[in-house]
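Before any comments, here is the structure.
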There are 2 protein chains.
Amino acid sequence: MTIKRGPGRPKDEAKGSAILDAGWALFLERGVGAVSIEAIAARANVSKMTVYKHFTDKHALFEEAVLREMRAIEAMQIDEAVGAADDLEGTLHMFGVGIMSYLATGPAIDFYNVLAGELRRHPDVAQTFYRIGPARTIERLSAILMGAGDRLAIDDPSRAAEALFGLWQGASNLQLSLGIDTGTAEAAIAERVDYGIAVFMRAFARTAP
Amino acid sequence: MTIKRGPGRPKDEAKGSAILDAGWALFLERGVGAVSIEAIAARANVSKMTVYKHFTDKHALFEEAVLREMRAIEAMQIDEAVGAADDLEGTLHMFGVGIMSYLATGPAIDFYNVLAGELRRHPDVAQTFYRIGPARTIERLSAILMGAGDRLAIDDPSRAAEALFGLWQGASNLQLSLGIDTGTAEAAIAERVDYGIAVFMRAFARTAP
DNA sequence: CGAATCATGGACGGTTCCGTATAGTATTTG
DNA sequence: CAAATACTATACGGAACCGTCCATGATTCG
């Protein structure tokens, strides 16, 4: 699908991207409300007029920036699903470490915190993020659990998936979001994930026939 | 401990409180960065000078407002610990419903979201909040679990407490924080808490001797 | 009462920002 | 080339804020 092009000089997409970069960086640094269009233009090495040509509003600019970050997250999820071990514990381990490592990442924390802070003013964006982010994670986890009926006794897979996700999370969501220096090391994450899997298996393992 | 008083007209504490009220309300509405001192003064029906006399800075005003909210939370936690059932499941049920109901509350969500959004600019406040909030919750839960050694086989109580808290949370933290319309009804919360307790007990219950 | 301190409204100079306008240059299509 | 559009630079009027100063009145202490 090629872009329709009329006469005249085309928009420089690199500049649009630079504006979004600059905007996102400033949103993190100063907070969305404290960022001016002029500051964004300066940071992007672009005339203020160019910013107004690309985005009608700071609102619109913010939403575009968020959507771009979301697309990146979506792409990561697809890649993430590639590796799969042959036994259930191994599959869950890879899945859990993958998602928890990502959640401990700086950009992920920033993204989530900014979105939380702007919930009141951008509720729609937050909701679409939930759909393509956390909701899909739960769904995929649920699918894994459903495929392991021989080892697990689960009534409500979606609920069980949330339970496992909760076990993995513990209170780390709060720690990460509030900047507590928790063991963000990969080893600690793996250990935490395995602990959650162990607890989960004890609770849901099918008793020997 | 009475307040030391020199000569002259004393500060009107009611006005200081009104300023904090107005500030907090505006922080929620518009986002911290977008709120001006003048707007706060107007909302509090107070002169701008009065605001500057009470608080040196918007920064200071914000931190004061957050601390005041935190004190309220602290007070709630003390009250919360009063009721205790006679059996373990009942105690956990009360504890879980209490904390999860609070977390589903509008003010709690707002508080958390604002704090998350301002993490970069107020890291100290976020950390002290974690200490007197979530950290204490985990500690108290851990204490309950430790006191039930006859029914539970637990190596690391703190870790187990986090697991149980995670089971209660599931993905609700994300849903609440992102404004997803999850069943915030008291009945649904109770059911969710009981589900978490059931899973937890299956995983940690001491096997019959 | 007199001194000290605070509250208040008004006003200020200075800054930042908004959103638009203008003029000139660059780039692309037909 | 001509038309159309994008980009830069600059400027502008208007608005919002900032942080402070002032004059006035209120309140309390000694």
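Applying the salt bridge (Lys or Arg N to Asp or Glu O under 4.0 Å) criterion to B/E89, with sequence neighbours excluded, gives B/R151. When the side chain to side chain donor-acceptor pair (under 3.5 Å) test is applied to B/S17, the partners found at least two apart in sequence or on another chain are B/R68. Scored by the side chain to side chain donor-acceptor pair (under 3.5 Å) test, B/S172 finds no partners at all (sequence neighbours excluded). Judged as a salt bridge (Lys or Arg N to Asp or Glu O under 4.0 Å), and not counting sequence neighbours, the contacts of A/R136 are A/E74. A search for side chain to side chain donor-acceptor pair (under 3.5 Å) contacts involving A/T105 returns nothing, not counting sequence neighbours.
B/R43 and B/D21 are not joined by a salt bridge, as no carboxylate oxygen comes within less than 4.0 angstrom of a charged side-chain nitrogen.
Taking atom CG of residue B/D57 and atom C1' of nucleotide D/dC18, one finds them 11 Å apart after rounding to whole Å. Across the protein-nucleic acid pair, B/L61 atom CG and D/dG19 atom C1' stand 15 Å apart, rounded to whole Å. If you take CZ of B/F55 and P of D/dG19, they are 15 Å apart, rounded to a whole angstrom. In this structure, B/K53 atom NZ and D/dA26 atom P are separated by 17 Å, rounded to whole Å. As rounded to whole Å, 14 Å separates atom C1' of D/dA16 from atom CD of A/E38.
A close approach under 4.0 Å does occur between a side-chain nitrogen or oxygen of A/K15 and OP1 or OP2 of D/dT8. Side-chain N/O atoms of A/H54 include none lying less than 4.0 angstrom from OP1 or OP2 on D/dA6.
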Would you give me the side-chain donor-acceptor pairs under 3.5 Å for residues 128-135 of chain B, sequence neighbours excluded?
{"unit_1": "B/T128", "atom_1": "OG1", "unit_2": "B/D124", "atom_2": "O", "d": "3.3"}
{"unit_1": "B/T128", "atom_1": "OG1", "unit_2": "B/V125", "atom_2": "O", "d": "2.9"}
{"unit_1": "B/Y130", "atom_1": "OH", "unit_2": "A/Q175", "atom_2": "NE2", "d": "2.7"}

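Note on residues 46-58 of chain A: pairs passing side chain to side chain donor-acceptor pair (under 3.5 Å), not counting sequence neighbours, are A/E38-A/K48. For residues 93-104 of chain A, the set of pairs meeting the salt bridge (Lys or Arg N to Asp or Glu O under 4.0 Å) definition, not counting sequence neighbours, is empty. Residue pairs meeting the salt bridge (Lys or Arg N to Asp or Glu O under 4.0 Å) criterion with at least one member in residues 154-164 of chain B, sequence neighbours excluded, are A/E191-B/R159, A/R192-B/E162.
Within residues 40-52 of chain B, the residues approached by DNA chain D to less than 4.0 Å at the level of any non-hydrogen atom are B/K48, B/M49, B/Y52, in residue-number order. Sorted by residue number, the list of members of residues 19-33 of chain B with any non-hydrogen atom under 4.0 Å from DNA chain D is empty.
When the nucleotides C/dC18, D/dC7, C/dA7 are ranked by their closest atom to the side chain of A/S36, C/dC18 comes out on top.
Cation-pi geometry between A/R140 and A/F95 is not satisfied (NZ or CZ under 6.0 Å from the ring centre, within 45° of the ring normal).
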Under 3.5 Å between N/O atoms: give me all the protein pairs with nucleotides 3-5 of chain D, atom names plus distance.
{"unit_1": "D/dT5", "atom_1": "O2", "unit_2": "A/R9", "atom_2": "N", "d": "3.2"}

